[in-house]
2 protein chains.
Amino acid sequence: MSSDYNNLKSLGLKVTAPRMRILALFQKAAATEKRHLTADEVFSLLKDEGEDVGLATVYRVLTQFEVAGLLRRHHFDTESASYELGEPEHHDHLVCVECGKIEEFVDVDIERRQKEIADRFGYSLDHHTLCLYGICKECREKAKDKG
Amino acid sequence: MSSDYNNLKSLGLKVTAPRMRILALFQKAAATEKRHLTADEVFSLLKDEGEDVGLATVYRVLTQFEVAGLLRRHHFDTESASYELGEPEHHDHLVCVECGKIEEFVDVDIERRQKEIADRFGYSLDHHTLCLYGICKECREKAKDKG
DNA sequence: TTCTTTGCAAAGCTTTTGCATCTCG
DNA sequence: CGAGATGCAAAAGCTTTGCAAAGAA
């Protein structure tokens, strides 16, 4: 992943070990089901990897990456914010309230309707957050087995 | 508003001064543009009214009211949660990122699409949060005046 | 060298909890 | 009277900030 190097450079950020490691973490995560990481999860994962990065640094780097457009921040229903690698395309989320699994989707109909609604109210639409909460098939089956 | 009394009673909550006052606050707010109040706003409003209610009590009452279905909790983009009087009908929000004004809406197309999306992913849909962020007409005009 | 970044510790915010006191029913 | 509610203060999360030391360019 030598592109990380240029990635950071082009953002005007100095290439440092903590930044490279955090970016790599999100790139790894992006390939899995767990794309979304909280500051504390990043902190713990880094600690597991051996070398320590301070929690304050994690917060600072996440904020910088978000400002730079490299990461996207979400709040969902929980207390702490989580981040995911910011892809060019926008998407919304579908969260399992049992196991925390997160699916992503885009729906052009919904996007279009949102624009229309904003127009109707006289708002210029900047962005939006749409999050569906439900129970995934696996968790429903698990519940069935038990009860 | 003597219905407050019965309102609380029917929820199995003792009728106390802090509860009555907080409920009244939300009922007043519901009639205005500022339907949504944070715990701290409730706390301040009560303080303005004279008699003091502890902040801890505000938090406890808000939580109880939410559990009882009397209030609805939102997170929007900010750090602190806000509450609004829970109406029977669900609705989504449109927030002005400049002045904080909040509009409410329901769109049957969007609601239906959400259900379809959840189905497609095999999720049973529990609830959702949709919030549009933009700039309202007034704020855009204010910005234009300034240059 | 110079400006940025880091780590640590301390502080800030929002929210929760423990406990003695008070109050509704 | 007795269970539940309140207020205060202390504590618990999450996040930010100050500052001296370390590091990138």
Side-chain angles (χ1 to χ4, degrees), chain A residues 2 4-25 36-47 49-68 70-83 100, chain B residues 2 4-25 36-47 49-68 70-83 100:
Chain A
S2 71
D4 290 7
Y5 188 91
N6 299 312
N7 225 335
L8 291 178
K9 255 188 155 168
S10 65
L11 296 174
L13 296 172
K14 287 192 174 170
V15 178
T16 66
R19 284 176 183 157
M20 293 286 273
R21 275 219 240 85
I22 291 173
L23 182 49
L25 222 51
H36 301 77
L37 303 173
T38 65
D40 200 61
E41 285 170 338
V42 169
F43 178 69
S44 298
L45 286 171
L46 291 176
K47 189 174 273 178
E49 285 183 357
E51 280 186 75
D52 281 10
V53 176
L55 182 55
T57 300
V58 172
Y59 274 103
R60 277 184 289 229
V61 170
L62 291 180
T63 303
Q64 292 160 345
F65 283 5
E66 191 207 355
V67 170
L70 205 58
L71 293 181
R72 217 161 271 162
R73 189 187 207 215
H74 301 287
H75 260 44
F76 300 135
D77 263 3
T78 59
E79 297 311 306
S80 45
S82 63
Y83 295 80
Chain B
S2 72
D4 289 7
Y5 189 92
N6 300 312
N7 224 334
L8 290 177
K9 254 188 157 169
S10 67
L11 296 174
L13 296 172
K14 284 190 178 172
V15 178
T16 66
R19 283 176 184 158
M20 293 286 273
R21 278 221 237 83
I22 290 173
L23 183 48
L25 222 52
H36 301 76
L37 302 174
T38 64
D40 200 61
E41 286 170 338
V42 169
F43 178 68
S44 298
L45 287 171
L46 291 176
K47 190 174 274 178
E49 285 183 359
E51 281 185 75
D52 281 10
V53 175
L55 182 55
T57 300
V58 171
Y59 274 102
R60 277 184 288 229
V61 171
L62 292 180
T63 303
Q64 292 160 345
F65 283 5
E66 190 208 355
V67 170
L70 206 58
L71 292 182
R72 216 159 273 161
R73 189 187 207 215
H74 301 287
H75 260 43
F76 300 134
D77 262 5
T78 59
E79 296 311 307
S80 45
S82 64
Y83 295 80

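Side-chain atoms are counted along with the backbone in the values below, which use heavy atoms only and exclude waters and symmetry mates. A, B, ... follow the sequence lines: proteins, then strands. Residue 1 opens every chain.
In this structure, CD of A:Q64 is placed 7 Å from P of C:dT6, rounded to the nearest angstrom. Between the CG atom of B:D40 and the P atom of C:dC13 there is a distance of 11 Å, rounded to whole Å. The interatomic distance linking A:R60 (CZ) with C:dA9 (P) rounds to 14 Å, in whole Å. One atom, OH of A:Y83, and another, P of D:dT15, lie 7 Å apart when rounded to the nearest Å. Summarising the geometry, the separation between OH on A:Y59 and P on C:dT6 is reported as 16 Å, rounded to the nearest angstrom. Distance B:M20 CE to C:dT23 C1': 15 Å, rounded to the nearest Å. In this structure, A:R19 places its CZ atom 11 Å from P of C:dT4, rounding to the nearest Å. Note: CZ (B:F43) to P (D:dT6) measures 14 Å, nearest angstrom.
The residue among B:L55 and B:E79 whose nearest nucleotide of DNA chain D is located toward the 5' end is B:L55. Taking the nucleotide of DNA chain C with the nearest heavy atom to each of B:H75 and B:K9, the more 5' of the two is matched to B:H75. Nearer to the 5' terminus of DNA chain D, by closest-nucleotide assignment, is the contact made by B:V58 (compared with the other of A:T38 and B:V58).
Within the 4.5 Å cutoff, no side-chain heavy atoms of B:L8 are placed close to those of B:K14. With a 4.5 Å cut-off on side-chain heavy atoms, B:D77 and A:H75 do not count as touching.
Here the CG-CZ distance, from B:L70 to B:R19, works out to 11.5 Å after rounding to the nearest 0.5 Å.
The side chain of B:V61 has D:dT6 as its nearest neighbour among D:dT6, D:dT15, D:dG4. Picking from D:dA25, D:dG7, D:dT16 the nucleotide with the shortest atom distance to the side chain of A:T63 gives D:dT16. The side chain of A:L13 lies closest to C:dT5 when the candidates are D:dG7, D:dT15, C:dT5. Here the nucleotide nearest the side chain of A:S80, chosen from C:dT6, D:dG7, D:dT15, is D:dT15. When distances run from any side-chain atom of B:A56 to the nucleotides C:dG25, C:dT6, D:dC8, the shortest one goes to D:dC8.
Counting non-hydrogen atoms under 4.0 angstrom, A:D52 reaches the backbone sugars and phosphates but no base. As judged by a 4.0 angstrom heavy-atom cut-off over every strand, B:A81 is placed among residues touching the sugar-phosphate backbone only.
Of the side-chain N and O atoms in B:T16, none sit less than 4.0 angstrom from OP1 or OP2 of C:dC24.
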Please lay out, stage by stage, how A:V61 and A:Q64 fare under the test side chain to side chain contact (heavy atoms under 4.5 Å, CB included).
CA-CA 5 Å; A:V61 170; A:Q64 292 160 345; 4.0 Å; yes
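What you find for A:V53 and A:F43 is that their closest heavy atoms are O-CE1, 3.1 Å.
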